[in-house]
Amino acid sequence: MAQQTELRGGGASLRPTDPFSVLDNAVWAALNGPHAHLAQRVGRAARYPDDVYAFAALADPGDPAAWADLRTLVGPGTTVRIKPVEDVPEGWEIVGGGVGVQLVDTGLRAEPAPEAVRLGPDDVPEILDLVARTRPGPFLRRTIRLGTYLGIRDRGRLIALAGERLRPPGWTEISAVCTDPAHRGRGLATRLVRAVAAGIRERGDTPFLHAAADNTNAIRLYESLGFTLRRRSPILLVRSPGTSGQGTVL
C-alpha cells in the first residue's frame, strides 16, 4: 500500500479527503486533465506517446476492466511502466520496478533566474546529451512538449536543466533537474527549480516532484528548498498478457 503522509505547518494538511489526493494517481489525473490532448486512451486506461513520457495509467488500478482496457491499448506481450500499482491481475507479469517518493511545495521560495533560457525543440539533442550524462530520470525525444524547460548555458554549452512534466489539475511536476558534473556546487539546480516554480505559480498551479526513493541527495536538496515528502509508492514495469515479437517498452 502506498504510504500517505499528513503534512502540517506552512501549508494545508494533506489528507485523502482534500484536493491533494489528485496526486495519488498523478499520471491518470494529468492524462485525464491538462494533458488530455496528448493521451492515447481506451476506456479507463491511458498512456503518453512512447516518445513523450514512457508511462501508462489506470483510472482505478483495482478495477479489472481498466486492466483489460490497458491490454487493448498497448497490445499483447507489451512491457509498460505504470504507477502507483502494487499488484497485477492474472495474466499480467511484473518484470521490474522500484519505489518512488512524491514531494510537494510547502515552503519553496520561487523566483526567476535571469541567466536561465527557455529551451525548445531545437535544443533537444543537447538536452538528451546532458540527461544521458547525469541521469535525472526519463527525458525522451518529445518530452519537451509536456511544459516549459529552462536551461543555463556556459560559453554556449548547456550545463543545467529543469522543467515541467506531469500536470494534474492544479499542480505541475518539476522534473529533469540536472547539472553537468563539472559545474556542480554552484547552485544551478536550485536556481532552476525556483525559476520553474515561479512560472508554475504564475499560472495558479502548485509545484510538486518525484524522485527515486534511494536518491537521498536529491531528496535532501528538495527538502532544503521547501518541499515536503508526501508519499512513497511503487513503480512497476509490467508485461501484458499474450505474446508479441516486439517486446516493446512503452
Side-chain angles (χ1 to χ4, degrees), residues 1-36 38-48 52-70 73 80-89 92 94 96-108 137-138 146-147 164-175 197 200-201 204-215 218-219 222-223 226-238:
M1 178 70 73
Q3 297 179 3
Q4 196 98 18
T5 303
E6 183 172 329
L7 306 187
R8 303 179 185 275
S13 64
L14 307 190
R15 299 183 301 274
T17 54
D18 61 31
F20 292 88
S21 61
V22 71
L23 299 180
D24 291 350
N25 194 353
V27 179
W28 174 262
L31 286 168
N32 202 44
H35 281 167
L38 294 170
Q40 299 173 351
R41 182 169 176 171
V42 172
R44 294 172 60 77
R47 73 179 186 195
Y48 284 93
V52 174
Y53 183 44
F55 271 86
L58 304 172
D60 177 2
D63 180 5
W67 285 94
D69 288 340
L70 181 60
L73 177 62
V80 60
R81 294 179 179 88
I82 190 165
K83 60 181 179 182
V85 170
E86 296 178 344
D87 300 305
V88 297
W92 287 79
I94 298 174
V99 177
V101 296
Q102 184 183 83
L103 300 99
V104 295
D105 166 21
T106 55
L108 175 66
L146 294 176
E164 301 172 355
R165 191 167 60 187
L166 294 178
R167 284 192 62 191
W171 297 83
T172 300
E173 178 191 21
I174 298 177
S175 182
I200 292 170
R201 285 191 183 162
D205 281 0
T206 301
F208 76 109
L209 48 81
H210 291 108
D214 60 359
N215 192 349
I219 294 169
Y222 298 140
E223 289 179 328
F227 287 90
T228 300
L229 180 65
R230 178 177 180 261
R231 62 185 274 141
R232 297 166 59 94
S233 59
I235 302 168
L236 295 186
L237 189 63
V238 302

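Hydrogens, waters and symmetry mates are skipped; everything else that's a heavy atom, side chains included, is used.
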Query raised in the report: Where do Ala54 and Arg81 come nearest, in terms of heavy atoms and distance?
Result: O-CB, 3.3 Å
Query raised in the report: Of all heavy-atom pairs between Pro61 and Pro84, which one has the smallest distance, and what is that distance?
Result: CG-O, 3.9 Å
Query raised in the report: To the nearest 0.5 Å, how far apart are CZ in Arg41 and CG in Asp69?
Result: 9.0 Å
Query raised in the report: Taking it one step at a time, do Trp67 and Val85 satisfy side-chain contact (heavy atoms from CB on, under 4.5 Å)?
Result: CA-CA 11 Å; Trp67 285 94; Val85 170; 3.6 Å; yes
Query raised in the report: Side chains of Tyr48 and Leu166: does their closest heavy-atom pair fall under 4.5 Å?
Result: yes
Query raised in the report: Just one of Arg231, His210, Arg232 clears the side chain to side chain donor-acceptor pair (under 3.5 Å) bar with Gln102, so which one?
Result: His210
Query raised in the report: What is the minimum heavy-atom distance between Leu108 and Ala197, and which atoms define it?
Result: CD2-CB, 3.3 Å
Query raised in the report: Is there a side-chain contact between Leu209 and Ser175 (heavy atoms, below 4.5 Å)?
Result: no
Report task. Might you point out which heavy atoms bring Ala45 and Ala66 nearest each other, and give the distance in Å? Result -> CB-O, 3.7 Å
Requested in this report: Report the distance from atom NE2 of His35 to atom CZ of Arg165, rounding to the nearest 0.5 Å.
Outcome: 11.0 Å
Query raised in the report: Would Leu70 and Leu58 satisfy side-chain contact (heavy atoms from CB on, under 4.5 Å), going step by step from the backbone distance to the final call?
Result: CA-CA 8 Å; Leu70 181 60; Leu58 304 172; 3.8 Å; yes
Query - Euclidean distance, Leu31 CG relative to Phe55 CZ, rounded to 0.5 Å - result: 11.5 Å
**Report entry** Heavy-atom check, side chain of Arg230 versus side chain of Asp24, under 4.5 Å
**Finding:** yes
Report summary line: Value for OG1 (Thr206) from CZ (Arg201), rounded to nearest 0.5 Å, stands at 7.5 Å
**Report entry** Check: Asp205 and Trp171 side chains under 4.5 Å, non-hydrogen atoms
**Finding:** no
**Report entry** Ile200 vs Asp105, side-chain contact (heavy atoms from CB on, under 4.5 Å): CA-CA, chis, key distance, verdict
**Finding:** CA-CA 11 Å; Ile200 292 170; Asp105 166 21; over 6 Å; no
Query raised in the report: In Å, rounded to the nearest 0.5 Å, how long is the span from CG of Leu229 to OH of Tyr222?
Result: 13.5 Å
Query - Side-chain heavy atoms of Leu73 within contact of Val80, under 4.5 Å - result: no
Requested in this report: Starting at NZ of Lys83, measure out to CG of Leu236 and round the result to the nearest 0.5 Å.
Outcome: 11.5 Å
Requested in this report: Could you go through the side-chain contact (heavy atoms from CB on, under 4.5 Å) check for Val101 and Asn215 one step at a time?
Outcome: CA-CA 9 Å; Val101 296; Asn215 192 349; over 6 Å; no
Query raised in the report: Which pair of non-hydrogen atoms, one from Ala29 and one from Pro34, has the smallest distance, and what is that distance?
Result: O-CD, 4.2 Å
Query - Considering all heavy atoms, the nearest Ala59-Asn25 contact - result: O-ND2, 3.7 Å
